[in-house]
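Please read these numbers as outputs of a predicted model, since none were measured by experiment. Note on naming: letters A, B, ... go to the chains in the order of the sequence lines (proteins, then strands), and numbering restarts at 1 for each one.
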Amino acid sequence: MEVESYMGRIVAIDASMALYQFLIAIRAQGGEGTAAAVLTNAEGEQTSHIQGMFNRTIRLLSAGIKPVYVFDGKPPNMKGGELAKRQAKRAEAQKKLEEARAKGDIEAIEKHEGALVKVSKKDAEDVKVLLRAMGVPVVEAPCEAEAQCAELVRGGKAYAAGTEDMDVLTFAATRQLRKLTFSSSKKADQRIVEINHARLLNDIGLTNDQFVDLCILCGCDYTNRIDKVGPKTALKLIKQHGSIEAILKSMSTSPKEYDRVPDEWLDADTRSKRKAKRRAQALARLTNTENRVPLETTKPKEDNNAHHQDIDNKQQQDKNKIQPLAFAATTNEIPAFAPTTQSVNTSTAEATFAATTNEIPAFAPTTQSVNISTEIEATSAPTTTEIVQQPLMTEATENIIPMEVDEDEFIPVKTAELKESESTEIELEEQNDEDESKHVPEYIGARKLFKEHEIIPAKDIQLKWTKPDEAALRAFLIDKMGFAAERVDGAIKKLITAQGSLKQQRMDSFFKVLPKKVDGNVNKRPPPPASKKPAAAKKKKTR
DNA sequence: ACTCTGTCTCAAGACGAC
DNA sequence: CTAATTGAGACAGAGT
DNA sequence: GTCGTCC
């Protein structure tokens with residue numbers, strides 16, 4: 001769509017997301033031997049986000065679009081499992097950044113700084129001050145901003161949610177606008193993309209409930225996923241069975257498939273049964289060495305092997321330790337750091353054989369190691385990095401051993417090691433046993449978050465665009481943030497003009513009764529003028 | 001040959017003078 | 001503890 | 001359109 005189509009429309013925007021992007025994108029070019037950095041005022045406070053928000057808002061208003069900015073509240077409870085991963089990642093970036101600084105590696109510094117960008121509470125507060133002075137409404141969401149944006153649209157307070165994040169559709173926003181930054185517009189791929197929720201559901205032939213399930217299957221922020229189920233398969237399964245429950249039930253008839261369902265998705269009962277079974281298998285492995293015999297030897301092709309080596313080496317250099325380990329576990333390849341690297345090329349088949357045999361009961365060679373690591377990550381507390389690395393390290397090392405050690409002396413050694421790692425794992429599981437009985441399958445929690453997210457009802461929100469407070473703006477931007485007075489004055493002039501012309505209503509509101517649109521009436525006929533095919537409306541998220 | 005998933009890497013604003 | 005990403009595109013590998 | 005600059 002062209003910008004002009006949205007003249008007079010109210011658009012709800014996730015402010016935190018926007019601020020984050022400004023902080024990443026708006027940087028002063030580093031001089032000689034200096035990394036690019038965010039803009040700051042004399043006190044060293046970040047100002048990039050102020051600059052970005054100020055400009056963009058004026059731009060939107062000038063185009064006749066009325067923005068309402070929605071700020072995040074408290075994060076939802078559920079992100080617990082994911083949280084640990086993110087913390088680990090962040091800590092890693094922090095470390096790398098310091099290393100890069102020590103070495104004076106500009107490129108690396110910039111890269112890792114980008115990964116550490118954050119929007120602090122203060123940054124958000126500053127922007128709220130700015131927006132209020134501009135006469136633009138601000139909404140403080142109790143929880144996730146995307147959910148609140150969706151509510152504003154559903155409740156008719158806004159025409160659409162303006163965000164790149166597909167989650168708003170899962171939150172059932174009536175409409176989403178993407179690429180709202182019509183910068184030097186008119187180019188085909190610069191045009192605003194409108195996605196209509198009802199039409200989307202109609203096109204893919206799902207109810208909203210099913211659509212939510214589909215999004216969960218494809219992978220949302222709140223849950224693990226079923227291995228080997230991506231967008232296509234998920235859609236197929238939902239169409240076939242109608243709900244996640246029905247899909248799980250159907251999968252449960254095939255042990256191989258059911259094994260892919262993450263523990264967290266099972267109800268307490270099934271879950272503890274599965275764990276008991278795992279424990280039994282672990283014990284059996286320890287006591288009965290004959291179990292190690294059967295397997296399928298998947299021979300890697302020579303050239304593939306070379307390729308993986310290459311990747312491993314690279315990862316070892318510039319990635320954290322968890323990743324190469326996980327990689328190795330998944331593929332049964334030998335990690336590059338392994339002491340026995342030399343023998344890899346000559347006896348790949350043997351190595352693979354050994355790795356597979358030691359580890360895993362014949363039915364699912366690759367998934368189990370993955371499951372184990374997920375499990376540990378999910379159950380471990382603050383000290384994630386340590387806990388995760390230990391067992392994986394033991395595992396990986398142990399995979400190597402058989403190549404060099406004689407069977408006879410190998411068995412006792414290996415048993416001892418195994419015992420150690422197994423016990424760690426079991427211990428971790430047991431820590432969780434008290435929660436076990438009240439465990440609710442993860443996908444149900446996610447569903448609840450999408451459908452009953454904490455929000456302020458749209459009817460309780462009044463949005464007003466008022467004349468800017470010129471004095472307040474000058475005080476804030478010039479005196480506090482150190483912006484150039486001349487520029488600010490010029491911008492304020494634009495702002496006043498834009499705000500003034502907002503008073504004019506949309507043309508069609510003079511002769512049409514429906515004010516905001518053909519709402520949520522599911523599958524009512526799609527409005528004629530809508531964008532081309534919302535084929536781009538595939539939900540995808542992999543984290 | 002084709003389809004799908006999983007993984008990795010990357011980029012992420014806007015103004016205004018020219 | 002305060003912080004937080006996201007999506008797209010390219011590509012390899014598994015499965016059919 | 002590109003490019004340097006915004007703080």
Taken to the nearest whole Å, CG/A:D227 to C1'/B:dT5 is 9 Å
Among B:dG16, C:dT6, D:dC7, the one nearest any side-chain atom of A:Q51 is D:dC7
Q) A:R56 side chain N/O closer than 4.0 Å to the phosphate oxygens (OP1, OP2) of B:dA14? A) yes
Rounded to whole Å, the NZ-P distance (A:K256 to C:dA14) equals 13 Å
TODO: Would you classify A:T233 as touching base, sugar-phosphate or nothing, given that sugar-phosphate means primed atoms plus P, OP1 and OP2, and contacts are heavy atoms under 4.0 Å?
DONE: sugar-phosphate
Against the side chain of A:Q29, the closest entry in C:dA4, D:dC7, D:dT5 is D:dT5
Heavy-atom nearest nucleotide on DNA chain C taken for A:E164 and for A:S16; more 5' hit belongs to A:S16
Report yes if at least one side-chain N or O of A:R86 is closer than 4.0 Å to OP1 or OP2 of C:dT5; otherwise report no.
yes
>> Working note: A:Y222 + A:Y443, criterion ring-ring contact (aromatic ring centres under 6.0 Å, His included); need CA distance, chi angles, decisive distance, verdict.
In response: CA-CA 8 Å; A:Y222 314 115; A:Y443 69 90; over 10 Å; no
- Under 4.0 angstrom, heavy atoms only, what part of the nucleic acid is A:T47 near: base, sugar-phosphate, or nothing? sugar-phosphate
Contact class for A:A484 vs. all strands (heavy atom < 4.0 Å): base, sugar-phosphate, or nothing? sugar-phosphate
Side-chain contact check for A:R178: nearest option of B:dA12, D:dC7, C:dG7 is C:dG7
_We want to know whether A:E194 and A:Y6 form a side-chain donor-acceptor pair, criterion being a heavy-atom distance below 3.5 angstrom._
yes
Hits for side-chain contact (heavy atoms from CB on, under 4.5 Å) against A:A36, two or more places apart or cross-chain, chain-then-number order -> A:R27, A:E110
The residue among A:R178, A:E146, A:Q176 that forms side-chain hydrogen bond (donor to acceptor under 3.5 Å, both in side chains) with A:T163 is A:E146
Picking from B:dG6, D:dC6, C:dG7, the nucleotide nearest the side-chain atoms of A:I26 would be D:dC6
Discussion item. Is there a side-chain contact between A:R225 and the phosphate of B:dT5, meaning an N or O under 4.0 Å from OP1 or OP2?
Written reply: no
Assign each of A:F22 and A:V229 the nucleotide of DNA chain B bearing its closest heavy atom; nearer the 5' end lies the nucleotide of A:V229
**OP:** Kindly say if A:R59 contacts the phosphate of B:dC15, meaning a side-chain N or O under 4.0 Å from OP1 or OP2.
**Re:** yes
Distance between the P atoms of B:dC10 and D:dT5, in whole angstroms? 27 Å
note: A:M17, atom CE; C:dA3, atom P; distance rounded to Å ~ 15 Å
Looking only at B:dA12, B:dT5, B:dG13, the nucleotide nearest the A:N55 side chain is B:dG13
Check: Do any side-chain nitrogens or oxygens of A:K232 fall under 4.0 Å of OP1 or OP2 in B:dC2?
Finding: no
Look at the side chain of A:Q46 and the backbone N and O of A:V38, then say whether any donor-acceptor pair between them is shorter than 3.5 Å.
no
A:K228 NZ to C:dG13 P, in whole Å, measures 14 Å
- Message: Using atom P in both nucleotides, what's the gap between C:dC1 and C:dT5 to the nearest angstrom?
- Response: 16 Å
| Which part of the nucleic acid does A:G482 contact within heavy-atom distance under 4.0 Å: base, sugar-phosphate only, or nothing? | sugar-phosphate
When rounded to whole Å, the CD to P distance for the pair A:E146 and C:dT5 reads 14 Å
Closest to the side chain of A:I24, out of C:dA3, B:dA12, D:dC7, is B:dA12
Rounded to whole Å, CD of A:Q21 lies from P of C:dG7 at a distance of 11 Å
What integer number of Å spans the C1' atoms of B:dG13 and C:dG9? 22 Å
*What is the nucleic acid contact for A:K236, judged by heavy atoms within less than 4.0 Å: base, sugar-phosphate only, or nothing?*
nothing
Walking DNA chain B from its 5' end, the first of A:R487 and A:Y20 to be reached, judged by nearest nucleotide, is A:Y20
Side-chain contact check for A:K118: nearest option of B:dG6, B:dA12, C:dA3 is C:dA3
Atom CD1 of A:I13 and atom P of C:dT5 are separated, to the nearest Å, by 22 Å
Among the nucleotides B:dC15, D:dC7, B:dG6, whichever has the atom closest to the side chain of A:L39 is D:dC7
Residue pairs passing the side-chain hydrogen bond (donor to acceptor under 3.5 Å, both in side chains) test with at least one member in residues 475-487 of chain A, sequence neighbours excluded, are none
In whole angstroms, the gap separating P of B:dT5 from CG of A:L237 amounts to 10 Å
Under 3.5 Å side-chain donor-acceptor pair for A:S16 and A:D72:
yes
